[in-house]
Protein chains: 2
Amino acid sequence: MQLDRVFGALSDATRRAIVMRLCDGEASVGELAKPFEMALPSLMKHIRILESSGLVASEKTGRVRMCSLQTEALATVEVWLAAQREVWEQRLDRLEMYLRN
Amino acid sequence: MQLDRVFGALSDATRRAIVMRLCDGEASVGELAKPFEMALPSLMKHIRILESSGLVASEKTGRVRMCSLQTEALATVEVWLAAQREVWEQRLDRLEMYLRN
DNA sequence: TGATTGGTTAGCCATAAAGCTAACTATAGT
DNA sequence: ACTATAGTTAGCTTTATGGCTAACCAATCA
């Protein structure tokens, strides 16, 4: 499922940092790599994982690959969480109703 | 980090299903296991992972272990997502401002 | 007390994740 | 044409994940 991949992608601090960086705008692979002490191929793997989750898209022009955030994928997660919250809040409401009577 | 574990816990459909079930109220390990074709020990592993992420708490009384959702852990994720959204929306706002002038 | 139920422990397997190095490709700059 | 830059591929480790079975403990119930 898509949610598997999105949650999985966000379960790593490096990848969350990349996402945070991309919230501020597009960046090349090199720019994304700078803050980390990691070897490039390792970082590329993270980018691949982010891409396969749908959180990031990238396009190569010349020898530079630019990456951008796909906010819809993050929205998917927000939607899922909101749905859960609704269920548990309804339950708490029922509980409160019950306790009042 | 805590977020690592929470996102990791939610990256599996079985565990998300458990979380969804617990949104509706407490449940024993046995009740949680029923909907799945999985062997009990496998399911227990998932419960352990959910516990170590802080999403679920459990307590054993007699021979029955009751599990409950810890909504604060889900809230942690919501907070992180909201923070990202704020950043990217600010950027889009700036972009719009720029395009207007 | 003996059997059943509810969960737990231990240990095995296959696959995937996260990192590395080394070597390679392809574009840009001089 | 040569060199430096920006990624990419391949292949290797180590550790974690997700599943299983088989055997085990502990609380009920008859």
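In what follows, every chain begins at residue 1, and chains take the letters A, B, ... in the order their sequences are listed.
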- Quick one: does B/Q70's side chain get under 4.5 Å of B/S68's, heavy atoms only? yes
- Query: Rounding to a whole Å, what distance do you find between A/L40:CG and D/dT8:P?
  - Reply: 9 Å
- Query: B/D12 has an atom CG; how far is it from atom P of D/dT17, in whole Å?
  - Reply: 11 Å
- Backbone of B/S53 reached by a side-chain donor or acceptor of B/Q2 within 3.5 Å: yes
- Rounded to the Å, how far apart are A/K45 NZ and D/dT14 P? 15 Å
- Rounded interatomic separation in angstrom, taking CE from B/M66 and P from D/dA27: 18 Å
- Of A/E37 and A/R63, the one whose nearest nucleotide on DNA chain C sits closer to the 5' end is A/E37
- Message: In this structure, how many angstroms lie between the P atom of D/dT8 and the CE atom of A/M44, rounded?
- Response: 4 Å
- Message: Is any side-chain heavy atom of A/V29 closer than 4.5 Å to one of A/L40?
- Response: yes
- Opening and closing nucleotides of DNA chain C in contact with chain B, under 4.0 Å to non-hydrogen atoms: C/dT4 to C/dT9
- Query: Rounding to a whole Å, what distance do you find between B/K60:NZ and D/dA26:C1'?
  - Reply: 7 Å
- Task: To the nearest Å, give me how far apart NE2 (B/H46) and P (D/dC20) are.
- Result: 9 Å
- Item | Residues clustered with B/M66, ILVMFWY side-chain links under 4.5 angstrom | B/V64
- Heavy-atom side-chain contact between A/V77 and B/W80 under 4.5 Å: no
- Between the main-chain N or O of A/L10 and the side-chain N or O of A/R16, is there a donor-acceptor pair closer than 3.5 Å? yes
- Task: Examine D/dT9: is either OP1 or OP2 under 4.0 Å from a nitrogen or oxygen in the side chain of A/R48? Give yes or no.
- Result: yes
- More 5' along DNA chain C: A/M38 or A/R5, using each one's nearest nucleotide? A/R5
